[in-house]
There are 2 protein chains.
Amino acid sequence: MEFFDKVGKSALGSRLRLMTAVVTDDAAKIYELYGVDFVPKWFPVFYTLAEEREITITEIANEIGHSQPSVSKIIQEMITAGLIQESAKTDDKRKNNVVLTEKGTLISKKIKQQLEDIDLAIEEIITESKHNLWAALEEWEFLLEQKSLIKRVSEQKKKRESKDVEIVEYKAEYQQAFRELNVEWISKYFEMEEADYKALDNPEDYILKKGGKILVALYQNEPVGVCALIKMNNSEYDFEMAKMAVSPKSQGKSIGWLLGKAIAEKARELGAKKIYLESNTILKPAINLYYKLGFEKVFGLETPYKRCNIQMELVLR
Amino acid sequence: MEFFDKVGKSALGSRLRLMTAVVTDDAAKIYELYGVDFVPKWFPVFYTLAEEREITITEIANEIGHSQPSVSKIIQEMITAGLIQESAKTDDKRKNNVVLTEKGTLISKKIKQQLEDIDLAIEEIITESKHNLWAALEEWEFLLEQKSLIKRVSEQKKKRESKDVEIVEYKAEYQQAFRELNVEWISKYFEMEEADYKALDNPEDYILKKGGKILVALYQNEPVGVCALIKMNNSEYDFEMAKMAVSPKSQGKSIGWLLGKAIAEKARELGAKKIYLESNTILKPAINLYYKLGFEKVFGLETPYKRCNIQMELVLR
DNA sequence: TACATTTGCATAACTAGTTATATAATTAAT
DNA sequence: ATTAATTATATAACTAGTTATGCAAATGTA
């Protein structure tokens, strides 16, 4: 199909579907060729029964990777066709154990030769081809089990989008964004406090002039995240990382991570050995981010904020 | 899936179906991730429209390998969703040309980034894997186009079955089979003639004692095909190949071919340079076989059989 | 030019799967 | 010993495709 060369790999699903149709269409013709009264979709169920003697419907479904209702229907069809029968009931009356009938066993023998021929035919194609479809499917089953396609795509998305994120120094024009982004999350989870208003209304005086820094994350030139480094009066810590806020609309672009990294770098540039932060454990994603950035729990410093119930530090190196 | 290791390659269809399901399930989630109001099955049609501007339903179907009704339904859904519209009718009033709406064009742009991300994610899997699924599918499409799976399987079947065919010399116990197999086809297509009865009722006297030979094809120890080499009174030919008959139930096992080859070999052993045969052109598969065995048309010999309308010879070397 | 054939599309009916849900039997927990 | 939760199955409704078929328009042909 020329189409697939044009579209690219994102049409993998369509390409697989077409190949599946080609193969299963021929499967039906193959049973006809061998004069066996058999429907291709029965095969996985039938095979399992031929191997396992006696087995429940749900067990078959798990074995062959179908849904339970699918197997349930197939079983009914095969009972009608006289290939299988319900076996002597077990003690568990919910279970519907099934076994091959005599006719079923006969067909199973008849089919054996056919399966070998198919095996050889497919083996022949594999020999003719450079890329082994069977082995590729096996590998893909494993790789997608390890990390699903949606996970992989979402990682690509993040990677691409975080490339479009730019971290810049605070300018007066970002004051409104600095205030709004912080007010948004603080008032959502807690209540705005005196110290908040001071810093957010007048970052120039309350943060920058005291020797602090503010960084802004721009996405498509719009400020979508902010974070401040506030000078502390403390022998152990030079700076507190605070007022980190990321617009909910821009989540999933690793903006928090990029801001945190940049702030730590900035603190290092300014000669700090350790930085400090205060937060609250109900902010799970934030706490998670702090751990990822390398922060560790500490105890005992005094704080003007009611909402603080966890304190952390990051040793810079 | 452990199941597939057990079953073997004949479950290729099932394995493909499962992989298709895994991939297309995630496809739906991917559109959700990107906040696009879009159904995965629309994609091939949508892509074609985005590329080709204006195109008919049947053309799309051919392009993407779907059936026409499938595209027809998808088009209807996408019209309802406002992504495409019927374009200014062409002069051919049967045709239903469709184009993207403005909304459609917008989504097409929005989707571009997404497609690139998917492409990269799949590329990543390909890099991680030893066997390239995408390339394998491409190759298989080509190889199955060249020779379908059913064709390949049927060749395997023939190959295997012809191994179980044994060509043996005539014995008295095969007289009944020799007669019946021949009577079956002769009386089906023509009428039994005087010369037939003589040879079939008493091959010992009429064929063997005159220096001829009869070979019998056994399949699972049952006689399923016969062929005679009859001594001729002719300066040019030593033998006539005649009374070849194969049981209709045993067709497709190359029995005719094996008998013919064996008869030619036997004639060579007996010192013949050329052998001769008579037949009728309504027996197309037979004539075909004779050509395959190397026989060529000749003209002019006299024959006792009414049914003869073609004469052939095989030069032995 | 009239009639047969072909083409493009829509619709209906089918297929092989799915998810959602109901029911009965069993097992676990109080 | 009840009651709640879980398990095994069946059934219903849905999905994404297929073939079969009918109709109207266009094309080919005697």
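The figures that follow rest on heavy atoms only: side chains count, while hydrogens, waters and symmetry mates do not. Throughout, protein chains are lettered first and strands after them, A, B, ... in sequence-line order, and every chain is numbered starting at 1. Quantities reported herein were computed from a predicted structural model and do not represent experimental measurements.
Phosphate proximity of dA10(C) to Asn96(B): present, with a side-chain N or O under 4.0 Å from OP1 or OP2. The side chain of Ser72(B) places an N or O atom within less than 4.0 Å of a non-bridging phosphate oxygen (OP1 or OP2) of dA10(C). At dG17(C), one or more side-chain N or O atoms of Arg17(B) fall inside 4.0 Å of OP1 or OP2 (strictly under the cut-off).
Between the CD1 atom of Ile60(A) and the C1' atom of dA8(D) there is a distance of 13 Å, rounded to whole Å. The distance from atom CG of Leu18(A) to atom P of dA16(D) is 16 Å, rounded to the nearest whole Å. If you measure from atom NZ of Lys41(B) to atom P of dT18(D), you get 11 Å, rounded to the nearest angstrom. Residue Ile75(B) contributes atom CD1, which lies 13 Å from atom C1' of dG8(C) at whole-angstrom precision. Taking atom CD1 on Ile79(B) and atom P on dA10(C), their separation rounds to 8 Å, with Å as the unit. One interatomic measurement links the two molecules: CG of Asn97(B) to P of dG8(C), which rounds to 11 Å at whole-angstrom precision. Between Trp42(A) atom CH2 and dG17(C) atom P the separation is 13 Å, expressed in whole Å.
Between the side chain of Ser254(B) and the backbone N or O of Ser162(B) there is no donor-acceptor pair closer than 3.5 Å.
Nearer the 5' end of DNA chain D, as judged by each residue's closest nucleotide, is the contact made by Thr58(A), out of Thr58(A) and Ser67(B). Take the nearest nucleotide of DNA chain C for Lys73(B) and for Gln68(B): the residue whose nucleotide is more 5' is Gln68(B). In terms of position on DNA chain D, the residue among Gln76(A) and Pro69(B) whose nearest nucleotide sits closer to the 5' end is Gln76(A).
Within 4.0 Å of Thr56(A), counting heavy atoms only, lie sugar-phosphate atoms of the nucleic acid but no base atom.
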Requested in this report: Starting from the C-alpha separation in whole Å, work towards a yes-or-no answer on side-chain hydrogen bond (donor to acceptor under 3.5 Å, both in side chains) for Asn309(A) and Thr281(A).
Outcome: CA-CA 7 Å; Asn309(A) 77 348; Thr281(A) 46; 2.9 Å; yes

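Salt bridge annotation for Lys9(A)-Glu123(B): present, with a cationic side-chain nitrogen under 4.0 angstrom from a carboxylate oxygen. A salt bridge between Arg160(B) and Glu116(A) is absent, with no side-chain N of the basic residue lying under 4.0 Å from a carboxylate O of the acidic one.
Between Phe38(A) and the options Tyr47(A), Tyr31(A), Phe43(A), a ring-ring contact (aromatic ring centres under 6.0 Å, His included) holds for only Tyr31(A).
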